[in-house]
Amino acid sequence: MTLATNFFDMPRFLATSPLFSGLSPDELTRIAKSSQIRSYAKGEMIFSLGEACEAFHIVVSGQVKLFVVSPAGQEKVIEIISPGQSFAEALVFLNKPYILSAQALVDTVLANVSKNGVVSEIKQDPHFAMHMLAGVSRRLHSLVQDVEAYSLQNGMQRLIGYLLRDVEMDAATDQKTLTVSLPASKATIASRLSLTPEYFSRVLHELEAQQLITIDRREIRILDVKKLVGYGAQ
């Protein structure tokens with residue numbers, strides 16, 4: 001359902017997004033006027049493949065799963081979107097329906113930024129156009145990294161890379177332990193990494209047997225970051 005924007009400072013929130021940081025207060029106010037806050041219950045569809053794309057979205061709270069379903073009915077998770085992240089930015093410019101589906105993994109609140117508002121701002125402000133281009137480029141770079149990982153890394157390396165995704169590798173030798181919270185179920189993360197749930201669990205238990213991690217439901221405690229990096233390189 002749509003929430004009243006009187007209780008939400010949309011310009012301030014938009015200013016925290018990489019897409020809109022650095023914009024003037026007037027620019028943020030114009031974008032905010034074409035934006036809408038909406039809440040989604042756990043499991044609720046945000047949009048489905050084939051629906052018209054009239055907005056892109058920024059997660060205020062909660063988590064969103066982007067996915068496609070094969071003709072055989074198998075679901076493939078493309079990405080898990082967390083608070084502060086945006087999605088469907090590029091699609092608003094294609095004049096085509098959504099090419100995937102999005103679902104709330106937990107109770108979620110989104111800022112939905114309308115296509116018409118974005119296009120209007122781009123037409124009158126080249127500075128804003130550059131912000132949007134940078135955002136789309138970041139998403140493209142992320143997708144290229146995914147393709148590279150799927151093509152060049154085995155399942156063990158992909159899982160270890162996921163666990164260490166927020167660690168600067170240059171600083172890995174200085175960081176002994178680390179606790180990682182899986183943002184979704186193991187089956188969802190496995191699909192995101194193009195692994196079967198069985199293989200995902202088997203690799204986690206192998207790492208635990210090697211005393212590299214401990215597992216407590218969705219909490220993964222990395223006991224030695226440097227050793228885990230080295231194990232993935234074998």
Side-chain angles (χ1 to χ4, degrees), residues 1-49 51-67 77-123 125 127-143 145-146 165-166 181 183-184 188 192:
M1 72 177 173
T2 302
L3 301 179
T5 57
N6 294 338
F7 304 102
F8 186 82
D9 191 337
M10 182 68 80
R12 176 175 291 183
F13 173 74
L14 292 177
T16 66
S17 169
L19 286 174
F20 302 121
S21 62
L23 295 184
S24 70
D26 287 344
E27 291 169 324
L28 290 169
T29 297
R30 290 196 297 269
I31 294 297
K33 287 179 180 178
S34 66
S35 303
Q36 190 179 76
I37 290 294
R38 184 172 176 182
S39 64
Y40 300 82
K42 178 181 178 179
E44 185 177 353
M45 295 300 296
I46 296 164
F47 56 76
S48 297
L49 173 73
E51 291 182 359
C53 179
E54 300 297 341
F56 73 87
H57 318 274
I58 308 173
V59 179
V60 178
S61 64
Q63 286 173 331
V64 174
K65 174 180 68 176
L66 304 183
F67 68 98
V77 177
I78 304 300
E79 197 165 0
I80 299 170
I81 311 296
S82 298
Q85 295 181 310
S86 57
F87 59 101
E89 309 97 313
L91 296 178
V92 299
F93 303 114
L94 291 178
N95 250 356
K96 292 183 179 180
Y98 287 111
I99 59 175
L100 40 63
S101 299
Q103 182 181 33
L105 285 173
V106 296
D107 290 347
T108 296
V109 177
L110 299 182
N112 298 331
V113 184
S114 80
K115 172 182 176 178
N116 290 338
V118 170
V119 171
S120 175
E121 194 66 23
I122 285 175
K123 287 180 178 178
D125 187 356
H127 177 59
F128 178 77
M130 290 300 295
H131 268 73
M132 292 301 303
L133 182 59
V136 172
S137 298
R138 280 192 296 270
R139 180 54 49 85
L140 176 60
H141 183 254
S142 175
L143 293 174
Q145 287 181 314
D146 280 350
R165 63 193 183 279
D166 294 326
S181 297
T188 299
R192 169 70 178 83

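What you are looking at is a predicted structure, and each value in this text was computed from that prediction instead of being measured.
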Quiz item: Which pair of non-hydrogen atoms, one from S101 and one from L49, has the smallest distance, and what is that distance?
Solution: OG-N, 3.0 Å
Quiz item: So, does N112 use its side chain to make a donor-acceptor pair with the main chain of A55 at under 3.5 Å?
Solution: no
Quiz prompt | Nearest-0.5 Å distance, CG of residue D107 to CD of residue Q63 | solution = 11.5 Å
Practice problem: Check whether any side-chain heavy atom of E51 sits under 4.5 Å from a side-chain heavy atom of P97, and report yes or no. | Solution: no
Practice problem: Please report the C-alpha distance between F56 and L91 in whole Å, then the side-chain angles of each, then the deciding distance to 0.1 Å, and finally whether the side-chain contact (heavy atoms from CB on, under 4.5 Å) criterion is met. | Solution: CA-CA 8 Å; F56 73 87; L91 296 178; over 6 Å; no
Self-check item: From I31 atom CD1 to S120 atom OG, the distance as rounded to the nearest 0.5 Å
Solution: 8.0 Å
Exercise. Could you tell me the separation between the CD atom of E89 and the OG atom of S17, rounded to the nearest 0.5 Å?
Key: 8.0 Å
Quiz prompt | Ring centroid separation F8 to F13 under 6.0 Å | solution = yes
Quiz prompt | Closest approach of F67 to Q103 (non-hydrogen atoms, all atoms of both residues) | solution = CE2-CB, 3.9 Å
Exercise. Side-chain contact test, heavy atoms from C-beta onward, threshold under 4.5 Å: evaluate it for L110 versus V60 and give yes or no.
Key: no
Quiz item: For V77 and K65, which heavy atoms make the closest approach, and how far apart are they?
Solution: CG2-CD, 3.8 Å
Quiz item: V109 versus I37: any side-chain heavy-atom pair under 4.5 Å?
Solution: yes
Quiz item: Does T108 use its side chain to pair, donor to acceptor, with the backbone of V106 at less than 3.5 Å?
Solution: yes
Quiz item: Are F93 and V118 side-chain neighbours, meaning at least one heavy-atom pair lies under 4.5 Å?
Solution: yes
Quiz item: So do the side chains of V64 and V59 get within less than 4.5 Å of each other, counting heavy atoms only?
Solution: yes
Quiz item: Checking S114 side chain against S34 main chain: does a donor-acceptor pair fall under 3.5 Å?
Solution: yes
Practice problem: Calculate, to the nearest 0.5 Å, the distance between atoms CD and CG belonging to E121 and L28 respectively. | Solution: 9.0 Å
Exercise. For residues P83 and S61, report the shortest heavy-atom separation together with the two atoms involved.
Key: CG-CA, 4.1 Å
Self-check item: Y98 and F47 aromatic ring geometry - parallel, tilted or perpendicular at 30°/60° bounds
Solution: parallel
Exercise. State, to 0.1 Å, how close A32 and M10 come at their nearest heavy-atom pair, and which atoms those are.
Key: CB-CG, 3.5 Å
Quiz item: Charged N to carboxylate O under 4.0 angstrom, E79 versus R192?
Solution: no
Quiz item: Of all heavy-atom pairs between S39 and E44, which one has the smallest distance, and what is that distance?
Solution: O-OE1, 4.4 Å
Self-check item: Spatial distance of atom CD1 (I58) from atom CG (L14) [nearest 0.5 Å]
Solution: 5.5 Å
Exercise. Decide yes or no for N95 and K115: does some side-chain heavy atom of the first lie under 4.5 Å from some side-chain heavy atom of the second?
Key: yes
